[in-house]
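Read the numbers this way: they start at 1 and go in the same order the structure lists the ligands and their atoms.
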Amino acid sequence: MEIKKRVAEILKSTIASTPGQPEFYQAVEEVLTSLEPLLKRENKYEKYNIIERIVIPERQILFRVTWIDDKGKIQTNIGYRVQFNSAIGPYKGGLRFHPSVNLGIIKFLGFEQIFKNSLTGLPIGGGKGGSDFDPKGKSEGEIMRFCRAFMEELFKHIGPNKDVPAGDIGVGGREIGYMFGMYKRLTNNFEGVLTGKGLNWGGSLARTEATGYGCVYFAENFLNKYDEFLKNKICTISGSGNVATYTIEKLYTVGAIPVTCSDSRGMIYDKNGINLETLKRVKEVERKSLVEYAKEHPNAVYTPIEKYEKGRNAVWDIPCFAAFPSATQNEVNLADAKVLHKNGCRIVVEGANMPSTLEAISYYQENGILFAPAKAANAGGVATSQLEMSQNASMESWTFEEVDAKLHGIMKHIFDLSYETSMEFGEKGNILLGANIAGFRKVADSMIEQGAV
Ligand code: NDP
């Protein structure tokens with residue numbers, strides 16, 4: 001059967017068999033469509049039914065999480081862990097705590113994770129998990145009780161050679177600490193079962209910074225191919241969490257000017273550059289809204305989300321050379337992409353997972369905007385998580401400089417592999433196609449070698 005038809009058929013059957021998961025279908029469509037040139041060239045993937053198999057998780061676990069709030073009332077949330085693919089290593093991928101979490105979102109994240117992890121060149125499979133628990137407005141005690149309750153079920157399914165979760169939206173060092181403490185109580189084992197751990201108990205230096213730093217390293221690699229660079233260039237960033245903060249930090253190091261950040265309530269435009277110290281204190285320490293940033297920096301413009309033009313993200317109205325969407329999925333749509341282009345944006349670097357809609361991606365590609373897709377650009381986080389696993393397994397701790405140098409090397413490897421693969425298929429510079437094909441090929445070939453898995 002013609003490949004295009006086969007891909008359409010698989011998409012159709014995915015939708016029919018797993019209804020109500022639009023983000024998952026979006027991720028599947030993005031990957032499968034860019035695999036078409038490979039599938040046309042190599043018939044073994046069709047012969048062994050790889051694409052039909054790869055869109056189905058090896059295992060998905062859904063569980064009830066009950067915990068007691070500060071008033072003594074029993075609260076209930078849903079917990080998820082999707083163990084998508086273990087062809088090249090133990091499942092690896094973050095946990096997200098956010099009210100929007102549902103099975104489709106965890107599946108899209110887990111599916112993307114398979115190819116991202118493969119691209120790093122490290123032996124890690126793909127998985128993702130989380131809960132619809134909303135950490136906002138919860139007390140410290142409630143957060144701890146929730147994390148412990150979540151681990152009470154999750155511990156049965158994870159292990160250092162089985163599945164090693166990490167953080168994502170709403171899950172940082174504090175939550176990893178509470179979950180690790182509970183895992184240890186339940187199993188009586190001190191082992192590298194989670195990454196993003198505290199530095200005193202098995203964490204890796206530079207893990208906190210890795211995703212954001214990695215995005216900037218990736219952007220520099222990409223731009224250098226065209227004799228361009230970030231130095232002295234205006235950059236816009238959405239989000240103000242882990243990824244956004246360390247993207248901004250590294251942008252300063254390379255001499256760029258990061259002028260925006262945002263959260264779920266609004267955005268800041270600080271034309272002389274975001275004040276990193278204030279940002280870190282407000283978001284990491286005080287855990288408050290960016291309104292507090294605006295109070296301390298009267299020259300910065302704060303725009304609350306209610307004032308955004310309908311269907312738009314105001315961050316992308318600010319003219320920039322490079323845009324780093326680093327908050328959440330589908331935060332750059334076609335209308336946003338058109339404004340970015342009109343204002344002369346040269347490159348979009350995805351810090352968040354799937355922040356661009358399919359229409360926005362097509363628009364970048366048709367209009368000469370360089371596009372660094374999430375699975376390549378933000379892979380520095382998971383790569384450094386794997387470096388944490390290596391340090392745990394060998395009982396070593398590397399210096400910040402050692403880990404950062406390895407991260408540098410890994411981001412270069414990912415760029416080079418994606419770029420070379422784009423050339424191999426006659427699509428020079430199409431990093432989306434290059435990353436999807438290179439990530440897929442290694443996993444698919446491993447599945448073939450392992451038989452009917
Ligand atoms: P954090 O929880 O640290 O920060 C998320 C940021 O995005 C916050 O500023 C949050 O606002 C904002 N945000 C979240 N949801 C929305 C929404 N629906 N609308 C507007 N703003 C929103 O998460 P991370 O920085 O870790 O993750 C950000 C993105 O990067 C996610 O897509 C994640 O999957 C991806 N990623 C993260 C990695 C990591 O190592 N942490 C690795 C690879 C990818 P507020 O402060 O108001 O909550």
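- With F150 as the fixed residue, the ring-ring contact (aromatic ring centres under 6.0 Å, His included) test singles out one of Y80, W67, F63, F133: F63.
- Across D336, N333, V348, V339, a single residue satisfies side-chain contact (heavy atoms from CB on, under 4.5 Å) together with W316, and that is D336.
- Residues L194 and V164 have side chains not in contact (no heavy-atom distance under 4.5 Å, counting atoms from C-beta outward).
- A salt bridge does not link D163 with K128: none of the charged nitrogens is closer than 4.0 Å to a carboxylate oxygen.
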For ligand 1, what N or O to protein N or O distances fall under 3.5 Å?
from, atom 1, to, atom 2, distance (Å)
ligand 1, 2 (O), G170, N, 3.0
ligand 1, 3 (O), N242, N, 2.9
ligand 1, 9 (O), S240, N, 2.9
ligand 1, 9 (O), S240, OG, 3.0
ligand 1, 11 (O), S264, N, 3.2
ligand 1, 25 (O), N242, N, 3.1
ligand 1, 25 (O), V243, N, 3.0
ligand 1, 32 (O), R96, NH2, 3.4
ligand 1, 32 (O), N353, N, 3.1
ligand 1, 34 (O), R96, NH2, 3.0
ligand 1, 34 (O), D168, OD1, 2.6
ligand 1, 34 (O), D168, OD2, 3.3
ligand 1, 34 (O), N353, ND2, 2.8
ligand 1, 40 (O), R207, NH1, 3.4
ligand 1, 40 (O), R207, NH2, 3.0
ligand 1, 40 (O), T211, OG1, 2.7
ligand 1, 46 (O), K283, NZ, 3.0
ligand 1, 47 (O), S264, N, 3.0
ligand 1, 47 (O), S264, OG, 2.5
ligand 1, 48 (O), K136, NZ, 2.8

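- In the displayed structure, F229 atom CZ is contacted under 6.0 Å by at most 12 heavy atoms of other residues, nucleotides or ligands.
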Donor-acceptor pairs under 3.5 angstrom involving side-chain atoms of residues 113-125: please list them, not counting sequence neighbours.
from, atom 1, to, atom 2, distance (Å)
Q113, NE2, N117, OD1, 3.0
K116, NZ, N353, OD1, 2.8
K116, NZ, N378, OD1, 2.7
N117, ND2, K92, O, 3.1
N117, ND2, G125, O, 2.7
S118, OG, G439, O, 2.8
T120, OG1, N117, O, 2.6
T120, OG1, L122, N, 3.1

